[in-house]
**Q** 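Here's a structure for you.
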Protein chains: 2
Amino acid sequence: MPKVVDHEERRKRLVEAVWALAFRGGIEQVTLRKVADEAGVSMGQVQHYYPSMQALVRDALDRAVQAVNANIENAVRASGDTNPEALLRACLHALVTPAEESLRLMRFGVAALGRAASDPTMARLLAPGDDDLITFTAGLLAEARRERGGEPRGTERIDADICWSLATSLGVDIALDYRSPDSAKALLDHYIEQVLGPERRP
Amino acid sequence: MPKVVDHEERRKRLVEAVWALAFRGGIEQVTLRKVADEAGVSMGQVQHYYPSMQALVRDALDRAVQAVNANIENAVRASGDTNPEALLRACLHALVTPAEESLRLMRFGVAALGRAASDPTMARLLAPGDDDLITFTAGLLAEARRERGGEPRGTERIDADICWSLATSLGVDIALDYRSPDSAKALLDHYIEQVLGPERRP
DNA sequence: CCGGTTACAGTGCGGTCGCATTGTAAACGC
DNA sequence: GCGTTTACAATGCGACCGCACTGTAACCGG
């Protein structure tokens, strides 16, 4: 009975308008009217798909986080490598790539960070990687150490935690133009080298 | 000839009102009227001391950053220790203390981070520690390594960079209630232990 | 005691915002 | 074809915002 349209496509278009606006002028420039203009639709349509401004921004953040996570998984899959160390590097490097799309997402994430400080709902969306991610990364660390001829130290979960903290911090720095992606990657590699310990048997 | 008042005290009062407002409801809740109310003064006074809203928020951020830096220096001075390792820990721990005042400052900093993504002036105020800080920290690292019986590795500046990246990242996590100050401190200590290498001579 | 400067207080204006409301056209079951 | 439901489009409203402007009281060198 209803008019039939692709809702998902509509929402995605609106969310991308939000990203674009926030990328240009900060999240405070995101208003119903501007989102409508940017997406080339009417204000009524925006309201039809999102009951409130908050809901729109929240969904935009949710999708941005999903997209970044997808980038990480793609990096893992694309590396196609079974070498745990290469896999680990691929994961972490995904947060500091110079790719345009990634930059936009990270910058929106940083803009949203500010709101997260006073909006628990957004804070939850931006929360650090979950337990599974830490467990997975810790596993990679343990394997990589073994491959280098060392033995696991039992601190792999802590080390994994540090890995992601460092990587996200560097990602933020890149989004704010405090660092270049290259230098960030170098820093990250230096840390990985250190945390894996020296090669013992070639 | 003019009416004589303590300008510095006035500005400080206004800036603290900005901090308080941003702490409660995010930086977008900071308006001229609310700042005036919070500080218990008239809107005219706010305008008298700051030509625009932007100028007010910028000064608030500037002072917040100065205050955090002062906290770090105080931590160094308070430790009163000549032991380089203890000094290093004191510095870094200053970013993850559970102290109320520090929490407020960090939270305001995070709120401002969002704006920094699109406001270069604010971005500059929030820029990572300058070269002097890195040099100082690298020096501490080198000395601490020597005290442990190891020799400097020539990577002290990179390691110092990682130290501060990690510490600020943990500080942000604390501000957003993603971590407790205690767990952050533990993580930081674990990293320091690792970066200094094992004790060789007791 | 007077003139000039400073330090406010108060008010008003133009603009924008989120959101509610209302109108309308398309799609389909019957 | 008719009624109902969905998917918008358009407009209007009340709230609030930054800022400019105006008035005034305090202070002080002369």
Side-chain angles (χ1 to χ4, degrees), chain A residues 1-62 111-112 114-115 118-119 121-122, chain B residues 1-62 111-112 114-115 118-119 121-122:
Chain A
M1 24 180 153
K3 199 150 88 167
V4 52
V5 294
D6 184 346
H7 297 318
E8 183 55 25
E9 182 266 337
R10 298 280 205 265
R11 284 183 213 271
K12 192 159 192 178
R13 187 206 262 267
L14 292 176
V15 163
E16 262 160 12
V18 170
W19 290 348
L21 283 171
F23 181 75
R24 287 207 297 270
I27 219 173
E28 78 258 7
Q29 292 295 330
V30 177
T31 72
L32 289 185
R33 282 165 245 262
K34 289 184 185 173
V35 169
D37 274 6
E38 180 79 21
V41 303
S42 78
M43 213 178 118
Q45 186 173 142
V46 183
Q47 289 190 89
H48 182 69
Y49 284 98
Y50 294 97
S52 75
M53 191 62 210
Q54 270 208 355
L56 172 56
V57 174
R58 282 207 241 271
D59 192 42
L61 179 57
D62 194 9
R115 293 226 168 162
S118 58
D119 180 341
T121 308
M122 300 201 77
Chain B
M1 18 173 155
K3 201 149 91 171
V4 53
V5 294
D6 184 345
H7 298 319
E8 183 56 22
E9 182 266 338
R10 297 281 205 265
R11 286 184 211 271
K12 192 156 192 179
R13 187 206 264 264
L14 292 175
V15 163
E16 263 162 10
V18 170
W19 292 346
L21 283 171
F23 181 74
R24 287 207 297 269
I27 220 174
E28 78 259 8
Q29 292 294 330
V30 177
T31 73
L32 289 184
R33 283 166 242 262
K34 290 184 185 172
V35 169
D37 274 7
E38 180 78 22
V41 303
S42 79
M43 215 177 114
Q45 185 175 140
V46 183
Q47 289 191 88
H48 181 71
Y49 284 98
Y50 295 98
S52 74
M53 193 62 211
Q54 271 207 353
L56 172 55
V57 174
R58 283 206 240 271
D59 192 42
L61 178 56
D62 194 10
R115 293 225 167 161
S118 57
D119 181 342
T121 309
M122 299 198 76

**Q** In whole Å, what is the span from the CG atom of B:Asp37 to the P atom of D:dC16?
**A**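 From B:Asp37 CG to D:dC16 P: 12 Å.
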**Q** Could you check if a side-chain atom of B:Ile27 sits within less than 4.5 angstrom of a side-chain atom of A:Glu28, using non-hydrogen atoms only?
**A**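 B:Ile27 does not reach A:Glu28 side chain to side chain.
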**Q** Where the side chain of A:Tyr49 is defined as all heavy atoms beyond and including C-beta, which of D:dA9, D:dA7, C:dC8 is the nearest nucleotide?
**A** D:dA7
**Q** Find out whether A:Val15 and A:Tyr50 are in side-chain contact, i.e. whether some heavy atom of one side chain is under 4.5 Å from a heavy atom of the other.
**A** yes
**Q** Report the distance from atom CD of B:Gln45 to atom P of D:dC21, rounded to the nearest whole Å.
**A** 21 Å
**Q** Heavy atoms, side chains only, cut-off 4.5 Å: are B:Thr31 and B:Met53 in contact?
**A**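 With C-beta onward as the side chain, the pair stays apart.
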**Q** Any idea which heavy atoms bring A:Tyr49 and A:Arg11 closest together, and the distance?
**A**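 The pair with the smallest heavy-atom distance is O-NH1, 3.0 Å.
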**Q** Please round to the nearest 0.5 Å and tell me the distance separating atom CD of A:Gln47 and atom CG of A:Leu56.
**A**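 Between atom CD of A:Gln47 and atom CG of A:Leu56 there are 11.0 Å.
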**Q** List the protein contact pattern of nucleotides 16-23 of chain C with one symbol per nucleotide (5' to 3'): B for base contact, S for sugar-phosphate-only contact, - for none; contact means a heavy-atom distance under 4.0 Å.
**A** -BBBB---
**Q** Check whether any side-chain nitrogen or oxygen of A:His7 sits under 4.0 Å from OP1 or OP2 of D:dA7, and answer yes or no.
**A** yes
**Q** Side-chain atoms of residues 34-46 of chain B: list all donor-acceptor pairs with protein atoms under 3.5 Å, sequence neighbours left out, distances to 0.1 Å.
**A**
{"unit_1": "B:Lys34", "atom_1": "NZ", "unit_2": "B:Gln29", "atom_2": "OE1", "d": "2.5"}
{"unit_1": "B:Glu38", "atom_1": "OE1", "unit_2": "B:Arg24", "atom_2": "NH2", "d": "2.7"}
{"unit_1": "B:Ser42", "atom_1": "OG", "unit_2": "B:Gly44", "atom_2": "N", "d": "3.3"}
{"unit_1": "B:Ser42", "atom_1": "OG", "unit_2": "B:Gln45", "atom_2": "N", "d": "3.2"}

**Q** So which of residues 13-25 of chain B are in contact with DNA chain D, with a heavy-atom cut-off of under 4.0 Å?
**A** none
**Q** May I ask you to test the A:Gln54-A:Asp119 pair for a side-chain heavy-atom distance under 4.5 Å?
**A** yes
**Q** Would you mind reading off the distance between A:Asp6 atom CG and D:dT6 atom P, rounded to a whole angstrom?
**A** 18 Å
**Q** In whole angstrom, what separates B:Arg11's CZ from C:dA7's P?
**A**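 Going from CZ in B:Arg11 over to P in C:dA7 covers 9 Å.
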**Q** Does C:dC8 have OP1 or OP2 under 4.0 Å away from a side-chain N or O of B:His48?
**A** no
**Q** Quick one: is B:Arg10 getting a side-chain N or O under 4.0 Å of the C:dA7 phosphate, OP1 or OP2?
**A**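 The answer is no; no side-chain N or O of B:Arg10 sits under 4.0 Å from OP1 or OP2.
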